[in-house]
Protein chains: 6
Amino acid sequence: MTRIAIYPGSFDPVTRGHEDIIRRSLAFADKLVVAVAVNLSKQPLFTLEERLDLLREVLQEFEGVEIRWFDGLLAKFAQKNNASLVIRGLRAVSDFEYEFQMALMNRQLFSELETVFLTPAVDLTFLSSSLVREVAELGGDVSDFVHPAVGRALAEKFA
Amino acid sequence: MTRIAIYPGSFDPVTRGHEDIIRRSLAFADKLVVAVAVNLSKQPLFTLEERLDLLREVLQEFEGVEIRWFDGLLAKFAQKNNASLVIRGLRAVSDFEYEFQMALMNRQLFSELETVFLTPAVDLTFLSSSLVREVAELGGDVSDFVHPAVGRALAEKFA
Amino acid sequence: MTRIAIYPGSFDPVTRGHEDIIRRSLAFADKLVVAVAVNLSKQPLFTLEERLDLLREVLQEFEGVEIRWFDGLLAKFAQKNNASLVIRGLRAVSDFEYEFQMALMNRQLFSELETVFLTPAVDLTFLSSSLVREVAELGGDVSDFVHPAVGRALAEKFA
Amino acid sequence: MTRIAIYPGSFDPVTRGHEDIIRRSLAFADKLVVAVAVNLSKQPLFTLEERLDLLREVLQEFEGVEIRWFDGLLAKFAQKNNASLVIRGLRAVSDFEYEFQMALMNRQLFSELETVFLTPAVDLTFLSSSLVREVAELGGDVSDFVHPAVGRALAEKFA
Amino acid sequence: MTRIAIYPGSFDPVTRGHEDIIRRSLAFADKLVVAVAVNLSKQPLFTLEERLDLLREVLQEFEGVEIRWFDGLLAKFAQKNNASLVIRGLRAVSDFEYEFQMALMNRQLFSELETVFLTPAVDLTFLSSSLVREVAELGGDVSDFVHPAVGRALAEKFA
Amino acid sequence: MTRIAIYPGSFDPVTRGHEDIIRRSLAFADKLVVAVAVNLSKQPLFTLEERLDLLREVLQEFEGVEIRWFDGLLAKFAQKNNASLVIRGLRAVSDFEYEFQMALMNRQLFSELETVFLTPAVDLTFLSSSLVREVAELGGDVSDFVHPAVGRALAEKFA
């Protein structure tokens, strides 16, 4: 049995917190699909292509990881990819009830799909992409929170 | 004493969760005014007229229910309707503190107005109109969550 | 239809917060049974008889209120009293998830039984019997939080 | 790679909620050790032997499950069993922050040990062993919440 | 040692809750900088100039208070002002996790900067500028929640 | 004006988290009274004398700190010590509503007494004395979480 897991998100941009969750997921998934969600109603800072490029650079050393994008229902994308697990990081700033709601809805739509919540390293517990964007935009130093490639991309964006 | 209760909301669209709360409210209210809020700052999926029509179809079997709309303060609308109770469903995904805040403000504005929180059936605890809209837009099956008439209306909207 | 509601609790002792919820309940219940729970596993400060006496003194002006005690399942006690509503006050220090759990269990055990949550007056939002006991035991002034009769009973207990 | 997971708990007694989590865990663990914690400071309703017997009866159809007990640190027990995953069910009544705290501590004590949180079926979201014990003790019907063998054991305990 | 504290916010408009926190802060800060945040992505009801004017009128009796505005990082503004404390009011409707996240980020950006959370008077616990704006816009009476000068400004805005 | 602050707690035993909060408090308090609460209803692991001794050893380098004990009301102890501030650390595992309740009660009992909440270093966010006791009792390594003197005392206790 090959266990395929999906880690969905906006990754706008990918942070050290995402990297941490991806590393942990590989302890029990044989293959991990990092799936960039195309959300037409939110205006991202980085384009889909930029987000995919940053993920490719940041995750190049990870084995067993595939980087893809999807629009539409996560449950359908999971089914098409033969994935049985959805990975979510549970940060202290998570909207826990929303996570619960989505896990139950995804199971309703595709009963084989189990959502698995992981805890990040403690010093990444309060990190989020939106906080990174906000601090970078205001000229703060985010080098502790993102890969150098992402730091450069943020610097260019806000130059 | 005739106990008149108001159940305010966007009902965009009405879900099985709303129906459940309405049924429960009728156990202690003599008349229930289902009150569609016109919120100019939010762009609804269904127009006010469509939302009222769907409510009329979904609730046609319920006795003691009136369907209305209001803009402005809920407290004033309640006073005009001689209502003494506001009904709110407490889902697990409720913003509980916000509900508390609104209940206290409504009492401040009209001291006779009591807010009463009810618990929906357990399998409807995680349901919300916004989740229904989101899943329907992406082509997911929402027939377990809404009345068939609402299901048809969603299908047309996203055709 | 006579609407009978039950307001269960330890009332060890009754506080201004309880009085507030009782007053509000009478706006939509025809009869309110204030039901003192006999919990053998918790050692109360006041005996059952003392708690009933204090309730009788504090609530003597309220019409439509009956004061009783029960052991065993609340759902059975409600059924025996033809009650269709359980009243709970939702304080900011409520264990909200526990309240949810009990409301769902009581409905499971007696499907006609609806739990109704009310919001106390804002300045009573943080009040609890256990805080009153704790402060009174340490010699603090609790006269703002309890009826004078309760204040006297506390003073005697801790003399 | 054989993925060994541990599902620790008091199982006092095992509920339908536990069974549900065990079933879900087997979708990604090759072997699941159901580990009954011996907690000397809490007085259980069922003895360790009774809890192990009930688990054996309830879980006899599950393949890949081993039933054990442990005292001392979970992290050490996991290490001795070559387990890399700890399974926890995230009920709506979970003490979420406590779960977070334990997951971080277990990782601190044994860095290879990942805690994985799963969501139970929605109608089991509010279930807990302590609620089952409480209702059974008061004579309520718990047959929807536990396996018939557990129901019989509860009936005998409270006869 | 002169202890300089900063109280940042939108103050759109200043409420009795803000005044309360400012009064309490002066018990341990030698100088308090009330700092109006210029947030380009949110459209305020009152212009920056109006918000500063209202603060000046409302706070004219307070000694040791300076009113300023800032854009960019709070941590940098604090450093420039030799401030060692950031003041935040912890209302019951606070997004507590967000507050935690910001406090940790500000410390990361400027390690000398300590965030200090204060509790407002209990009857102001549920108050927020956005609720005041919403109620005033709908014609409700907000005179209990804001200084008369703010009440007049709101009335003019929504005339 | 000399600002005197009180940091109350059980300190059973003092952890690196407590030390962190004490260090931060000294940034704005001229004198800090670390006040060990004598709670007769809880059986501590360390006697009052042991807890005071450990605090003296752990805090010997801190200037401006006094170590005392108190029973009875914190508000009275604060008043007797001319303290105007109560310090509380806000961990992610704090019972936040309880903290709010105590802050409001202490202000009610002594209106000059302001409670100030501080955020610990992020890696201490999930630490608590009870977790340290639990892990040490089970033979786990707690040297990252407590001062060496406390580690030795725990080892002796559980030898």
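Labels below follow one simple rule: chain letters A, B, ... track the order of the sequence lines, proteins then strands, and each chain is numbered from 1. Given the structure is predicted, the values throughout are model-derived calculations rather than measurements. For the numbers below, each heavy atom of this structure counts, side chains included, while hydrogens, waters and symmetry mates do not.
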Residues at least two apart in sequence or cross-chain that pass salt bridge (charged side-chain N to carboxylate O under 4.0 Å, His left out) with D:Asp123, listed by chain then number, are none

Just list the side-chain donor-acceptor pairs under 3.5 Å for residues 4-15 of chain A, sequence neighbours left out, or say none.
residue: A:Asp12; atom: OD1; partner: A:Leu45; partner atom: N; Å: 3.3
residue: A:Asp12; atom: OD1; partner: A:Phe46; partner atom: N; Å: 2.9
residue: A:Asp12; atom: OD2; partner: A:Leu45; partner atom: N; Å: 2.8
residue: A:Thr15; atom: OG1; partner: A:Gly17; partner atom: N; Å: 3.1
residue: A:Thr15; atom: OG1; partner: A:His18; partner atom: N; Å: 3.3
residue: A:Thr15; atom: OG1; partner: A:His18; partner atom: ND1; Å: 3.4

Would you mind reporting whether A:Phe117 and D:Thr115 have side-chain heavy atoms less than 4.5 Å apart? no

Listed by chain and number, what are the ring pair (Phe, Tyr, Trp, His ring centres under 6.0 Å) partners of D:Phe77, not counting sequence neighbours? D:Phe70

Compare all side-chain heavy atoms of D:Arg3 with those of A:Asp30 and state whether any distance is below 4.5 angstrom. yes

In terms of heavy-atom proximity below 4.5 Å to chain D, should A:Leu118 be classed as side chain, backbone, both, or neither? both

Residue selection (most heavy-atom pairs with chain D, distance under 4.5 Å) from A:Glu112, A:Arg88, A:Glu114, A:Arg24: A:Arg24

What I'd like to find out is whether the side chain of D:Thr119 reaches to under 4.5 Å of the side chain of A:Arg107, using heavy atoms alone. yes

Contacts with chain A made by residues 50-64 of chain D (heavy-atom distance under 4.5 Å), listed by residue number: none

